[in-house]
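Counting starts at 1 for both ligands and their atoms, following the listed order.
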Amino acid sequence: MRELRVGLIGAGFMGKAHSLAYAAMPMFFWPAPAIPVRAVIAEATEELAAEGAARFGFESSTGDWRRVIEDPSIDIVDIATPNHLHPEMAIAAAEAGKHIICEKPLARNAAEAKTMLDAVSAAGVVNMVAFNYRRTPAVALAKKYIDEGAIGEILNFRGTYLQDWSADPASPLSWRFQSAIAGSGAVGDIGTHIIDLARYLAGDITSVIGIARTIVPERPKQSGGRDALGTSRTGGELGPVDVDDEMVTMLRFANGAVGSLEATRNGYGRNNFITFEIHGTLGSLFFNYERRDELQVCFADDPSDRRGFRTVYTGPAHPYGEGLWPIPALGIGYGETKIIEAYDFVSAIVNGTPVRPNFEDGYRISLVADAILESSRTQQWVDVDG
Ligand code: NAI
Ligand code: SOE
């Protein structure tokens, strides 16, 4: 069976998720399109890289990510570092002819994302941006129902992504609170996930008006480059937060639908509360990632005395069901979304088929994010145009 050699850059939270996905993908999807070989892992230092290789099962390690790009045996470059490093790494990888999967957001802003899109377009390499939540089977099922016309024309998309890991002002000033590294805050970090779902399910977004604001202006400085995601309390010297903590926005879609999005990392009690409710002319769909085996559906032609939301538990009859677990509701997790992502990416390389979301989608999502931030500054509707 064909093998594809992977060079992974970054051994943090996403380094772990992607390594798991490469190892597990053939166990779920068999026969696998190809076997991903965990070949080399790069980190900020030789020590971190060696630790990453030992932990995540890579053949070798390096403290210099350029060695991954220069290695002729590497087929796939996987970028799982903080956002400011994505453009330089992706452009170098494209110029070296590598297939690229890059973590979200594609870059700190749309201008940077465009340089990455141009590079992969010129190189003709397979490219994907890791907005994995659309690969939750219940989300893919919502897409299937919409494409089949089961809820008719879409009228309204309401989306949220609510978390609370940074609600405590004592949680550390990680890279996610620094615009030079992250680009923006809740808008870029989690807002882009729900923008991806809005575009995937309801179509292109044409204009926005929103509010993005910072709630905690200073946080204790953190030592080390890896984000502790609110779990450590350093209590030391404070440094400035120069990104947004939450955003609320209204949307207009190209197909005439309207919608709203909210994102916060300061909503006590909400953990990974990615929800959408979609109203169509023939029915409605509701999804909550915290109950991610379930899609709530209501169809207009249900008998009026039985009308109401009911629950479909995803399983073998649904998207990706052939590779996952044999009984509905055994439990889909975050790991499965990354395994499916790896499967679709590797399949695209082997079969020469398109894969989404690609860098074009990543760029268009960044345009929406930038427009939300601009409308927050101007308090005007802003057109999304690239
Ligand atoms: P993290 O802070 O846990 O890990 C980042 C790693 O990159 C650290 O280990 C750091 O030492 C390493 N790194 C920094 N500079 C480097 C360099 N020059 N060369 C090699 N490695 C370097 O961050 P996390 O959470 O893994 O985030 C990474 C990316 O993944 C970000 O773009 C983030 O937005 C995205 N992400 C996506 C998620 C999703 O659900 N799709 C979930 C979490 C993060
Ligand atoms: C923190 O908000 C974070 O790790 C995001 O960066 C991810 O993209 C999200 O999926 C989980 O939460």
Side-chain angles (χ1 to χ4, degrees), residues 7-19 21 40-49 51-52 55-56 61-69 77-90 92 101-108 112-113 128-136 161-167 171-172 174-178 181-197 222-232 243 245-246 263-267 270-274 289-290 292 333-335 337-338 341-342 357 362 365 369:
L8 172 64
I9 312 177
F13 176 13
M14 281 308 97
K16 172 177 167 179
H18 291 209
S19 302
V40 56
I41 188 164
E43 249 294 343
T45 65
E46 298 287 348
E47 294 72 26
L48 286 170
E51 183 186 321
R55 182 175 179 193
F56 300 136
S61 63
T62 174
D64 177 2
W65 62 268
R66 288 193 175 277
R67 286 188 39 211
V68 174
I69 312 278
V77 171
D78 183 328
I79 302 170
T81 59
N83 311 344
H84 66 310
L85 298 169
H86 296 179
E88 187 184 9
M89 292 171 173
I101 179 167
C102 180
E103 262 304 339
K104 50 51 61 181
L106 189 54
R108 289 176 293 189
E112 284 185 350
M128 188 179 197
V129 56
F131 286 109
N132 51 299
Y133 294 112
R134 61 159 78 187
R135 289 185 157 76
T136 311
Y161 196 157
L162 313 180
Q163 300 182 317
D164 74 357
W165 60 265
S166 72
S171 67
S174 77
W175 64 261
R176 279 181 169 82
F177 297 101
Q178 301 174 44
I181 302 178
S184 64
V187 170
D189 189 28
I190 54 176
T192 52
H193 277 298
I194 192 71
I195 294 168
D196 177 56
L197 296 187
Q222 177 191 294
S223 60
R226 194 166 288 171
D227 192 340
L229 280 170
T231 55
S232 73
V243 297
D245 285 322
E246 74 172 14
T264 183
R265 303 181 295 196
N266 287 48
R270 296 303 183 197
N271 296 287
N272 216 48
F273 196 74
I274 303 171
Y289 183 81
E290 291 181 1
R292 62 200 153 271
Y334 185 80
T337 69
K338 286 291 183 186
E341 181 175 85
I365 289 164

P105 heavy atoms within 4.0 Å reach ligand 1 at atoms 34 (O)
Which one holds for R66 and ligand 1: side chain close, backbone close, both close, or neither close, with close meaning a heavy atom under 4.0 Å? neither
How far is atom 32 (O) of ligand 1 from its nearest protein heavy atom, and which residue and atom name does that atom have? N83 OD1, 2.6 Å
Filtering K16, E43, E103 for the heavy atom nearest atom 11 (O) of ligand 1 leaves E43
Backbone or side chain, does any N or O of W165 fall under 3.5 Å from an N or O of ligand 2? yes
Counting only heavy atoms closer than 4.0 Å, does ligand 2 sit against the backbone of Y334, its side chain, both, or neither? neither
I9 N/O to ligand 1 N/O under 3.5 Å: no
Smallest heavy-atom separation, R135 atom then P357 atom, equals NH1-CD, 3.5 Å
Report the member of D189, T192, N271, D227 with the shortest heavy-atom distance to atom 6 (O) of ligand 2. D189
Is there a side-chain contact between P105 and I365, using heavy atoms and a 4.5 Å cut-off? no
Any idea how H193 and Y161 line up, ring-wise: parallel (<30°), tilted (30 to 60°), or perpendicular (>60°)? tilted
Nearest heavy-atom contact between V243 and G185 is CB-N, 3.4 Å
Side-chain heavy-atom pair N83, E112 within 4.5 angstrom cut-off: no
Side chain, backbone, both or neither: which part of L229 comes within less than 4.0 Å of ligand 2 when only heavy atoms are counted? side chain
Any side-chain heavy atom of F131 within less than 4.5 Å of one from L197? no
Hey, looking at atom 43 (C) of ligand 1, which of E88, R176, K104, H84 has the closest heavy atom? R176
For atom 42 (C) of ligand 1, the protein heavy atom that lies nearest, with its residue and separation: M14 CE, 3.2 Å
Rounded to the nearest 0.5 angstrom, the OG1-CG distance for T192 and L106 is 10.0 Å
With backbone taken as N, CA, C and O and side chain as the heavy atoms from C-beta onward, which portion of I190 lies under 4.0 Å from ligand 2: side chain, backbone, both, or neither? side chain
Looking only at protein heavy atoms, what sits closest to atom 4 (O) of ligand 1 is G12 CA, 3.4 Å
For G52 and ligand 1, answer yes if some heavy atom of the residue is under 4.0 Å from a ligand atom, otherwise no. no
I'd like to check E290 versus N271 (side-chain heavy atoms, cut-off strictly below 4.5 Å). Are they in contact? yes
Interfacing atoms of ligand 1 (cut-off 4.0 Å, heavy-atom, A80): 5 (C), 28 (C)
Which pair of heavy atoms, one from F56 and one from A11, lies closest together, and at what distance? CE1-O, 3.7 Å
Sub-4.0 Å atoms of ligand 1 with respect to non-hydrogen atoms of T81: 7 (O), 21 (N), 22 (C), 28 (C), 29 (C), 31 (C), 32 (O)
Look at ligand 2 and say whether E103 reaches it with a heavy atom at a distance under 4.0 Å. no
Under 4.0 Å, heavy-atom basis, I'd like to know which part of S174 is in contact with ligand 1: side chain, backbone, both or neither. neither
Option set W175, F131, Y334, Y133, criterion heavy-atom distance to atom 27 (O) of ligand 1, minimum: W175
Counting C-beta onward and ignoring hydrogens, is there a side-chain heavy-atom pair between V187 and E246 closer than 4.5 Å? no
F177 six-ring centre to R265 NZ/CZ under 6.0 Å and within 45° of normal: yes
Which heavy atom of the protein is the closest neighbour of atom 11 (C) of ligand 2, given with residue, atom name and distance? Y161 OH, 3.3 Å
Give the atom numbers and elements of ligand 1 that come within less than 4.0 Å of a heavy atom of A130. 41 (N)
Contact (N/O only, under 3.5 Å) between Q163 and ligand 2: yes
Which residue and heavy atom of the protein sit nearest atom 41 (N) of ligand 1, plus the separation: N132 OD1, 2.8 Å
Would you check if I79 and I101 make a side-chain contact, meaning some heavy-atom pair closer than 4.5 Å? no
Nearest non-hydrogen protein atom, atom 5 (C) of ligand 1: P82 CD, 3.7 Å
Side-chain heavy-atom pair E341, H18 within 4.5 angstrom cut-off: yes
So does K338 pair up with E103, basic N to acidic O under 4.0 Å? yes
Within 4.0 Å of some non-hydrogen atom of K338, the atoms of ligand 1 are 41 (N)
Side chain proximity check, L229 to R176, heavy atoms < 4.5 angstrom: yes
Given K104, M14, R176, identify the one with the heavy atom nearest to atom 3 (C) of ligand 2. R176
Min N/O separation F13 to ligand 1 under 3.5 Å: yes
Of T62, D227, L85, the one whose closest heavy atom lies nearest atom 15 (N) of ligand 1 is L85
Going by an N to O cut-off under 4.0 Å, is there a salt bridge joining E88 and R66? yes
Tell me, please: is H86 in heavy-atom contact with ligand 1, that is, under 4.0 Å? yes
